[in-house]
Amino acid sequence: MEMNKIEKKWQKRWEEGGYFHASNNSDKEKYYILVEFPYPSGQGLHVGHVRSYTALDAYARMKRMQGYNVLFPMGWDAFGAPAEQYAIKNHIHPSKAVEENIKTFKGQIQSLGISFDWSREFSTTDPEYYKWTQWQFLKFYEHGMAYKAKKDINWCPNCKIGLSNEDSSGGVCERCGSKVVQKEKEQWMLRMSDYAESLLDGLNDTHFADKIKLGQINWIGKSIGAEVLFKVKDTEEDIVVYTTRCDTLFGATFMVLAPEHPIIEKLKDKIQNMDEVRKYQTYAKEKTTFERTELVKEKTGVKLEGVVGINPVNGKDVEIWIGDYVMMGYGTGAIMAVPAHDDRDFEFAKKYNIPIIQVISKDGKETLNLDKAYTEDGIHINSEFLDGLNKEEAINKMLEFLGENNLGKKKVNYRLQDWVFSRQRFWGEPIPLVHCDKCGWVPVPESELPVLLPDVTEYEPTDDGESPLAKISDWVNTTCPKCGGKARRETDTMPNWAGSSWYFLRYMDPHNDKCFASPEALKYWGKVDWYNGGMEHTTRHLLYARFWNQFLHNIGLVPNSEPIDIRVSHGMILGSNNEKMSKSKGNVINPDDIVNEYGADTLRCYEMFIGDYEKDASWSTESLRGCKRFLDKVERLKDKVNNKDGYTDEVIVNKTIKKVTYDLANMKYNTVVSSLMILAGFYEKCESITKDDYMVLLKLLNPIAPHITEELNEMIGSSQMILEMPWPEYDEAKTIDDEIEIGVQVNGKLRSSIKIKKDEDDEKVKEIAMAEENVQKHLEGKEIIKTIVIKNRIVNIVVK
RNA sequence: GCUCGUAUGGCGAAAUUGGUAGACGCGAUAGACUCAAAAUCUAUUUUCCUUUAAAGAAGUCUCGGUUCAAGUCCGAGUACGAGCACCA
C-alpha cells in the first residue's frame, strides 16, 4: 500500500468532516484530554513530541468510540527568547518567525494524523489571546496580588541584559561567556507565597502521579519551626531568627546574619569593624547565586565587633557574625547557630574558634572531642529544663517557654517565594499599566486592551537593561487614563510562563471576545481530566497554572479551585546512542523522514511500543521496522477473511479487548501493541478468520494506527468509519480458557505442569498434581506436610 | 548533602500486583521459497552439565530477612539517572 497517499486521504476526510471537533453542547459525558502545547521552535517537531501526542491521541480516539464528548485541543506557546533572538539577528518581527514555525509544526503534526480539534487552535502571541492574559494580570493587580519590588537579577555586564537562572548557569552568561553579577532592579511580583498552603492542600483534590505531587511539595518547601527573639546587648534592637530546632537553643553560641541584613545599618555606629563588614558585603554581592551555593564550599564570614546578642533562654552572650551562607530570602535572614548539631555551623565554629556546646546525645553523656556535628535525635543534655527529654517533647516545652516569656513563637516557613513576573524583553505580553507622576501606577482600561506590541525592527535591549520597548518613545509615552496627564507605559513584559498558566481554560471557549471563556463553557468542561507533559514542567509550570487558577477561583471567575485532575509525564526519546538528541551529536531523527519512508502509522505504533511510557527510551530504527512488519501482517490478514460470523476463538478476543481497553487508559501503550501482535499472530495461524475477528483487531488497533485500519475497514466493505463505531466490549467470563495449564511445585520448586479445568475443585487438582510422574519422584520417601492450591494458578506441595 | 526514581537475556522490554520469570519485538543461527536477492514463512535463541531429549543445577544489581512461595514485601548496601540544593 502507498501509505503516504492513504494517510493524506484519511486526514483530509477527518478534517473536512469535522470529526474531532468537540461540542460545547452535548448530551454525552465530557472528557478533557490535554497535552502540553509546544514552543514552535525553528528546529521543527521532535520525535519526542510524536510520543506524547500519539499516546494521548490513542486515548482520545478510544474515549470517543466509548461515547464521550472529548476535548483534545492544541495550540502554541510562542512568546519567549528564541523567537526574540532570531528577530534580533534577522531584523524581522518575531511574529513573522513564529508564524512560519507554527506552519511547519502544524503540518508535521497533521501528517501524523493526531485527532486534535484544530477549530480551537490559538497561539499565546495572538492579540485576541494575550488580551485576556493582560486582563487577568489586571485582576491580580486589582486584588493587591501584584506589586513592584527591588530584586536582584542575574546581570550580564557585557550583553547588558538580565538573564534567567537557566541562561546564567555556571555563573557565566550563556550568550557571551562573561561573568554574571547580581544587579538590583524593580520588578513586578505576584504574591504566590500567599498561596503556599493552599497549593499544598489543593494537591489532595488532584490525582497527580505521586512523584509529581512530591515535586510540588518539595518546591513549596513547607517547614515548621519557630521564630526566636535575641536582644542585642546595650541597645534597643532585637534580632529575630528562624529555626526548626528551637529545642537546641541552649547550644546556640553565635548568630549569623545574611550580609545584607538591615539590622547592620542600624547598628553601624556600634560596630567597631565597619570597614571590614562593608568589604565583606561587597564581596558577597559580587558573587552570583551560583558561586554562593556551589563553587565556594568553605564558609566565610565576619564577626561584628562591639555588638553582642543575648541568648534568651540563659542570658549568655552570643557572638554576632555575618556570613553568606545565610540567605536574606528565607526565614528572617538570620539564624542562631548551634555548632554541635548542625554541619554548617560546626564548620563555621571550627574555622573561627567559636565555642561548641553539646545539647543532645545518644546516651545522656557528653561526647568527648566531637569531630563533627551530632545530627541524630537523642536526649537533651546541658539544657536545664529540657534535660532528659527527646526532640519532640523538648520542642513543645521550649515553644511553651518562649511563648510565656514573649521571646518567640511557632512559625511556618515556605521555600516558595513570590513570582518575579517582569522580564526586560520585547517578545512577551506587555504589562498593561501606565505610570503617571500624579496618580502613580494606573491600569490600562479594559476597553483599551490588548496593549499591543509595537511593530518595529530593533529588538536589542537598552544599555541599562530596560526592555527594548523603553526605546520606542511613541509607544512608551501616553496619557494617564485617570487624570489625562502625561504618563509612561510599563515597558517590562510578562514571563514565558504567563501564557501557559491559563491556556487550558481558553480552549474551552477559544473564540469568545467578551470574556476569557464563558461561565457556561468553564462549568461544562470543568477540570482537565488528563494532562500530559514533560517531567521538566511538573514543578514550575504546573505550580504556576494551579496558582493562577486558584486565584481566578477565589475571585469567582472559574468554578474549580484545582484546574487539573490527573497529571502524568512522559519519558524522553533519546538518540540511538542513549544520549539526548542534538544536532552536534548527529543523532537526531526527523519524524518527517520516518513518516515518508515508513508511514505515520508505523512511527506511531513504534513509539507506543518503544517501552515504558514514563521512562526515557532510545531510538532504534531496527525496532521500528518490526512495527512496520506487524502492520504489513495486519494488512495481509484481510485476505483470510471468510464469510462466517462470530469469533474463531472467544477467549483470545475477549482477553485482548480487556487488555487493550485497560492498558490504553493506564499508559501501558507498549503492551497494547504487544497484545495486538499476539492476536494478529493467532489469526495468521488460522486457516481463515471471520469478519468479526478482523474487525475487532482493526478497532482495537485504530487508536494507534488510525489510517491503515480505516483503509482496511473500507477495503473489506464497511460503509461506516471505525471512528464512528462503538468500542468493542468484552465478556469477563470469556477471558479465561475452559482448560488451563498450571504449575506444580514441590517445596517451591517447579517440578511439573498440569492441565486442569477452569475453577477445578481443589481436591481434584491436588489429585492430578500428585499423579504426575516427576512430582512423585520428588515426593519419594518424604513426608507431605501440606499442599497449597491457588485457584487457576499453582499447586505447591510442602514435604520434609 | 537532601529528596525521588531505576536496576530482569546479546538489545528494547513483559510479568494478572506475592503464585510456572523472560510474553511481545529487535538482533542472531539454521531451514523453506527463489537462478539470485529482497520480502515472507518455519524452527532455535537466559546460563551451565549433557551428542540430543528427558531429567537436573543456577538465575531478575549485592548481602541478609519474612513466606508454602519473592523480580514483586522488609532491612542494609552498590551503581546509574532525575530534581532541589548552605532552607537554618
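The chains referred to below are lettered A, B, ... by the order of the sequence lines, with proteins before strands, and numbering in each begins at 1. Quantities reported herein were computed from a predicted structural model and do not represent experimental measurements.
- Comparing A/Arg245 and A/Ser623 along RNA chain B, the residue whose closest nucleotide (by nearest heavy atom) sits nearer the 5' end is A/Ser623.
- With distances taken from any side-chain atom of A/Lys749 to the nucleotides B/A58, B/G19, B/C86, the minimum falls on B/A58.
- Closest to the A/Ser753 side chain, of the nucleotides B/U20, B/A55, B/A88, is B/U20.
- The side chain of A/His341 contributes no N or O atom lying less than 4.0 Å from OP1 or OP2 of B/A88.
- B/A88 and B/A7 are spaced 32 Å apart, taking the P atom of each and rounding to whole Å.
- As judged by a 4.0 angstrom heavy-atom cut-off over every strand, A/Gly626 is placed among residues touching the sugar-phosphate backbone only.
- The side chain of A/Arg793 sits closest to B/U16 out of B/C68, B/A88, B/U16.
- For A/Lys211, taking side-chain heavy atoms from C-beta onward, the closest of the listed nucleotides B/C68, B/C84, B/C4 is B/C4.
- A/Lys777 comes within 4.0 angstrom of the backbone, heavy atoms only, and of no base.
- Protein atom CG of A/Leu750 is 13 Å distant from nucleotide atom P of B/G71, rounded to whole Å.
- Nucleotide B/C24 has B/G12 as its partner under the Watson-Crick or G-U criteria, with both atom distances under 3.5 Å.
- Taking atom NZ of A/Lys615 as the reference point, atom C1' of B/C4 lies 14 Å away to the nearest angstrom.
- The nucleotide whose nearest atom lies closest to any side-chain atom of A/Met327 is, among B/A21, B/C24, B/C86, B/C86.
- Using C1' as the reference atom, B/A14 and B/U8 are 10 Å apart when rounded to the nearest Å.
- To the nearest whole angstrom, the two P atoms, one in B/U46 and one in B/U52, are 15 Å apart.
- For the pair A/Tyr352/A/Lys303, no side-chain contact is recorded, criterion being any heavy-atom separation below 4.5 Å from C-beta on.
- OP1 or OP2 of B/A88 has at least one side-chain nitrogen or oxygen of A/Tyr330 nearer than 4.0 Å.
- In this structure, the side chain to side chain contact (heavy atoms under 4.5 Å, CB included) partners of A/Ile566, at least two apart in sequence or on a different chain, are A/His207, A/Trp530, A/Val568.
- Distance CG (A/Leu676) to P (B/A14): 16 Å, rounded to an integer number of Å.
- Protein atom CG of A/Asn218 is 13 Å distant from nucleotide atom C1' of B/G5, rounded to whole Å.
- Nucleic acid contact class of A/Leu624 (heavy atoms, under 4.0 Å, all strands): none.
- No donor-acceptor pair under 3.5 Å is formed between the side chain of A/Gln745 and the backbone N or O of A/Leu750.
- A close approach under 4.0 Å does not occur between any side-chain nitrogen or oxygen of A/Arg344 and OP1 or OP2 of B/G1.
- As judged by a 4.0 angstrom heavy-atom cut-off over every strand, A/Ile610 is placed among residues touching the sugar-phosphate backbone only.
- Rounded to whole Å, the distance from CZ on A/Phe346 to C1' on B/G1 is 17 Å.
- A/Asn747 comes within contact range of no nucleotide atom at all, as no heavy-atom separation falls under 4.0 Å.
- Only the P atoms considered, B/A37 is 16 Å distant from B/A28, to the nearest whole Å.
- The only member of A/Asp761, A/Asp762, A/Asp759 that meets salt bridge (charged side-chain N to carboxylate O under 4.0 Å, His left out) when paired with A/Lys791 is A/Asp762.
- Which of B/G25, B/C84, B/A55 sits closest to the side chain of A/Arg415 comes down to B/C84.
- The CD1-P distance, from A/Ile788 to B/A70, rounds to 12 Å in whole Å.
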Give the B/S/- string for nucleotides 38-46 of chain B, one per nucleotide from 5' to 3', where a protein heavy atom under 4.0 Å of the base yields B, of only the sugar-phosphate yields S, and otherwise -.
-> --SS-----
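- Using a 4.0 Å heavy-atom cutoff across all strands shown, A/Ser620 reaches no nucleic acid atom at all.
- Comparing B/A23, B/G56, B/C68 by their closest approach to the side chain of A/Asn774 singles out B/G56.
- In the set B/A7, B/G12, B/A15, B/G12 carries the atom at the smallest distance from any side-chain atom of A/Phe609.
- The side chain of A/Lys786 places no N or O atom within less than 4.0 Å of a non-bridging phosphate oxygen (OP1 or OP2) of B/A69.
- A gap of 12 Å separates the P atoms of B/C26 and B/U42, to the nearest Å.
- The gap from the P atom of B/A36 to that of B/U20 amounts to 47 Å, rounded to the nearest Å.
- When distances run from any side-chain atom of A/Arg751 to the nucleotides B/G56, B/A58, B/U20, the shortest one goes to B/G56.
- With sequence neighbours excluded, the residues that form a side chain to side chain contact (heavy atoms under 4.5 Å, CB included) with A/Val318 are A/Phe230, A/Met255, A/Asn311.
- The phosphate of B/A14 (OP1 or OP2) has a side-chain N or O of A/Asn670 nearer than 4.0 angstrom.
- Closest approach to the A/Lys299 side chain among B/C84, B/A58, B/C86 is made by B/C86 (side chain taken as heavy atoms from C-beta onward).
- No donor-acceptor pair closer than 3.5 Å links the side chain of A/Asp663 to the backbone N or O of A/Tyr669.
- Distances shown here put a side-chain N or O of A/Lys668 below 4.0 Å from the OP1 or OP2 atom of B/A15.
- With C1' as the reference atom, B/A85 and B/A79 are 22 Å apart, rounded to whole Å.
- The CD1 atom of A/Ile740 sits 17 Å away from the P atom of B/U16 (whole-angstrom rounding).
- B/G9 and B/U60 have their P atoms separated by 10 Å, given to the nearest Å.
- Close placement of the A/Tyr606 and A/Trp619 rings is indicated, their centers lying within 6.0 Å of each other.
- Here the P atom of nucleotide B/A85 and the CD1 atom of A/Ile220 are 14 Å apart, to the nearest Å.
- A donor-acceptor contact closer than 3.5 angstrom links the side chains of A/Ser753 and A/Glu741.
- Closest non-hydrogen pair, A/Ser618 versus A/Gly575, comes out as CB-O, 3.6 Å.
- Aromatic ring centres of A/Phe348 and A/Phe254: separated by under 6.0 Å.
- Salt-bridge check for A/Glu763 with A/Lys766: passed, with a basic side-chain N closer than 4.0 Å to an acidic carboxylate O.
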